[in-house]
Amino acid sequence: MTKIQMTTPLVEMDGDEMTRVLWDWIKQILILPYVDLKTEYYDLGLSNREATADRVTVDAANAIKRHGVGVKCATITPNAQRVSEYNLSQMWKSPNGTIRAILDGTVFRAPILVQGITPYVPTWTQPITIARHAYGDIYKDVEAYVPQGGNAKLVVQDRDGAREIEIFDFSKTGGVVMGMHNTDGSIASFARSCFNYALDVRQDVWFAAKDTISKTYDHRFKDIFAQIYADEYAERFGAAGIEYFYTLIDDAVARVVKSNGGMIWACKNYDGDVMSDMVATAFGSLAMMTSVLVSPDGKYEYEAAHGTVTRHYYKYRDGGTTSTNPIATIFAWSGALRKRGELDDNAQLRAFADRLEQATLRTVEQGDMTGDLACIFRSDVPARKLETRAFLQAIATRL
Ligand code: NAP
Ligand code: MG
């Protein structure tokens, strides 16, 4: 069989633990037999981040800027325990945080719906896409512990001079402070990404923050969204029969649960982190959530929304077999290959991405799946729980 050719490389970012194992198997079993894969490879595994003083993460992000499309494996964000486990010289920052800071943009997360897996919320008949602002707030903050007797002030230097705002007087007790920021430019491109995506898929946009409490910070987000919507999008939304509205984050949570889904829920960085895990789990499994970072200048980075599945990895490393779900990682690859196909006008590559996704969904619908899905599968056909490699082989058979 002649393999499908590629003209431009994908930026391939390898990662850690169980997802690093899945990464290799997916390539060997589902991609390399059919595609003459061209990638520019970056090893973002924690050992190589240590060896390169995290230079490799910055290089990978810049490569996405050059080539336009990347696909990323899940990676460890080190904490104190990882520093000793991997003998690290520093607690390196989250690679996703670094890449998002370089590319800016918005992360769109949507669940993969498959017959037989019903959402925990029975009214959710359509997918809910979380649009997560990928820049700033606590992901780019500075923090300090202030011992008792200290005092913390915010100093803002601008063209009118310096302003000092007291944060807290710690004279009676020690405590913690944090300084965070966002920029008008990044908030504006977040708004435009959401509105453009909504016009593409013809879905409403809900945006929620906490402007009643955060009267300057969150209010700025609300105002920028409102202004850009009124100036640039209101008419087109009207013509497309879709709407935009703003509400408070707690109200949005209540309304989403009672909705039928089918909307884009724009969230600030932290809200999007939290809500996307809730939405993914409620749609069936954390392992069924796709994630794509879209930068304002149209660069794409595809990944799975879940982590490196550490618990499964330790079992695998100790010689056991695991039933880890590879679907979100497969969809990261298919998403990236399809986008590459679109940009390079490569119809064969686009068709391959479609077939790979169809074969994956059909495998589950016909009863072959991993353990996380087998225990929630409801259908006329019985569910067979397969270990990961056998599941990948079952997909390859249909592909
Ligand atoms: P996780 O890797 O997403 O796993 C949490 C639990 O969810 C797993 O123990 C497993 O439950 C279930 N799960 C997640 N993905 C699954 C899959 N594909 N198939 C089957 N079950 C799945 O999150 P974590 O344990 O909090 O984090 C582990 C590491 O991943 C951390 O070092 C963290 O820094 C990193 N992380 C990376 C990213 C990223 O790169 N995008 C995102 C999040 C976390 P059971 O154990 O009950 O089977
Ligand atoms: Mg998260």
Side-chain angles (χ1 to χ4, degrees), residues 13-23 25-26 42-47 49-50 54 57 60-61 70-86 88 91-100 103 107-109 111-112 114 117 130 132 134 139 269-270 272-293 301-317 320-333 360 364 369-377 385-392 395:
M13 290 158 281
D14 211 339
D16 289 301
E17 299 195 312
M18 201 61 214
T19 39
R20 189 179 180 99
V21 177
L22 295 181
W23 196 256
W25 290 350
I26 290 169
Y42 294 86
D43 183 0
L44 267 52
L46 189 47
S47 319
R49 276 181 273 149
E50 169 70 20
D54 210 19
T57 309
V71 58
K72 181 180 168 292
C73 180
T75 44
I76 292 169
T77 298
N79 53 15
Q81 183 256 321
R82 300 294 196 169
V83 170
S84 54
E85 183 184 352
Y86 282 82
L88 302 179
M91 202 186 288
W92 301 110
K93 294 208 164 208
S94 151
N96 287 328
T98 303
I99 294 168
R100 286 171 197 155
L103 292 180
V107 178
F108 293 92
R109 288 193 172 157
I112 302 161
V114 50
I117 308 292
I130 301 259
R132 172 181 171 189
Y139 300 84
N269 210 345
Y270 173 82
D273 188 351
V274 176
M275 290 306 163
S276 64
D277 279 21
M278 188 273 287
V279 167
T281 307
F283 267 107
S285 167
L286 200 57
M288 297 292 279
M289 192 78 158
T290 61
S291 183
V292 55
L293 172 69
E301 186 219 8
Y302 292 83
E303 59 171 341
H306 61 76
T308 59
V309 213
T310 311
R311 203 181 63 79
H312 294 215
Y313 177 64
Y314 290 159
K315 194 172 160 210
Y316 166 82
R317 194 191 51 188
T321 55
T322 70
S323 186
T324 316
N325 188 339
I327 293 181
T329 307
I330 295 172
F331 274 62
W333 274 100
T360 304
V364 175
M369 65 201 76
T370 47
D372 57 317
L373 298 182
C375 61
I376 53 171
F377 188 69
K385 175 183 165 180
L386 301 178
E387 54 95 8
T388 307
R389 271 188 82 92
F391 177 61
L392 292 170
I395 298 171

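This structure is a prediction, so every number in the text was calculated from the model and none was measured. Read the numbers this way: they start at 1 and go in the same order the structure lists the ligands and their atoms.
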_Interfacing atoms of ligand 1 (cut-off 4.0 Å, heavy-atom, Glu303)_ = 41 (N)
*Could you pull out all residues at least two apart from Ser285 that satisfy side-chain hydrogen bond (donor to acceptor under 3.5 Å, both in side chains)?*
Asp372
*asked:* Please evaluate residues Thr98 and Arg49 with respect to the criterion side-chain hydrogen bond (donor to acceptor under 3.5 Å, both in side chains), reporting the C-alpha separation (whole Å), side-chain torsions for both, the decisive distance (0.1 Å), and the verdict.
replied: CA-CA 12 Å; Thr98 303; Arg49 276 181 273 149; over 6 Å; no
*Considering only heavy atoms of Thr324, which atoms of ligand 1 have at least one such atom less than 4.0 Å away?*
17 (C), 18 (N), 19 (N)
*Test Glu17 against every option in Arg317, Arg82, Lys315 by the salt bridge (charged side-chain N to carboxylate O under 4.0 Å, His left out) rule and name the one that passes.*
Arg82
*Pull out every atom of ligand 1 sitting under 4.0 Å from any heavy atom of Arg82, numbered as shown with elements.*
31 (C), 32 (O)
*Is His312 close to ligand 1, meaning an N/O of one under 3.5 Å from an N/O of the other?*
yes
*Could you tell me which non-hydrogen atom of Met18 sits nearest to which non-hydrogen atom of Val309, and how far apart they are?*
CB-O, 3.6 Å
*Out of Glu17, Lys315, Arg311, whose heavy atom is nearest to atom 47 (O) of ligand 1?*
Arg311
*For ligand 1, which atoms sit closer than 4.0 Å to a heavy atom of Lys72?*
40 (O)
*With heavy atoms of Ala74 as the reference, note each atom of ligand 1 found under 4.0 Å away.*
40 (O)
_Within the 4.0 Å heavy-atom shell around Gly307, which atoms of ligand 1 are there?_
1 (P), 2 (O), 3 (O), 30 (O), 36 (N), 37 (C), 38 (C), 42 (C), 43 (C), 44 (C)
*Mind telling me whether Trp23 and Trp333 have parallel, tilted or perpendicular rings, with 30° and 60° as the class edges?*
tilted
*Any N or O of Leu286 that comes nearer than 3.5 Å to an N or O of ligand 1?*
no
*asked:* Would you say that Phe377 contacts Met369 through its side chain, given a criterion of any heavy-atom pair below 4.5 Å between the two side chains?
replied: yes
*asked:* Within the 4.0 Å heavy-atom shell around Asn96, which atoms of ligand 1 are there?
replied: 39 (C), 40 (O), 41 (N)
_Atom indices of ligand 1, in the order listed, that fall short of 4.0 Å to a heavy atom of Thr310_ = 28 (C), 29 (C)
*asked:* For Ser323 versus His312, what's the shortest heavy-atom pair and its separation?
replied: O-CE1, 4.3 Å
_For the OG1 atom of Thr75 and the CD atom of Glu303, what is their distance to the nearest 0.5 Å?_
7.5 Å
*Check each of Asp277, Asn325, Thr370, Thr281 against atom 18 (N) of ligand 1 and report the one with the nearest heavy atom.*
Asn325
*What do you reckon, does Thr75 have a nitrogen or oxygen under 3.5 Å from a nitrogen or oxygen of ligand 1?*
yes
*asked:* Set out, in order, the CA-CA distance, both residues' side-chain angles and the distance that settles side-chain hydrogen bond (donor to acceptor under 3.5 Å, both in side chains) for Thr321 and Glu387, then state yes or no.
replied: CA-CA 7 Å; Thr321 55; Glu387 54 95 8; 5.5 Å; no
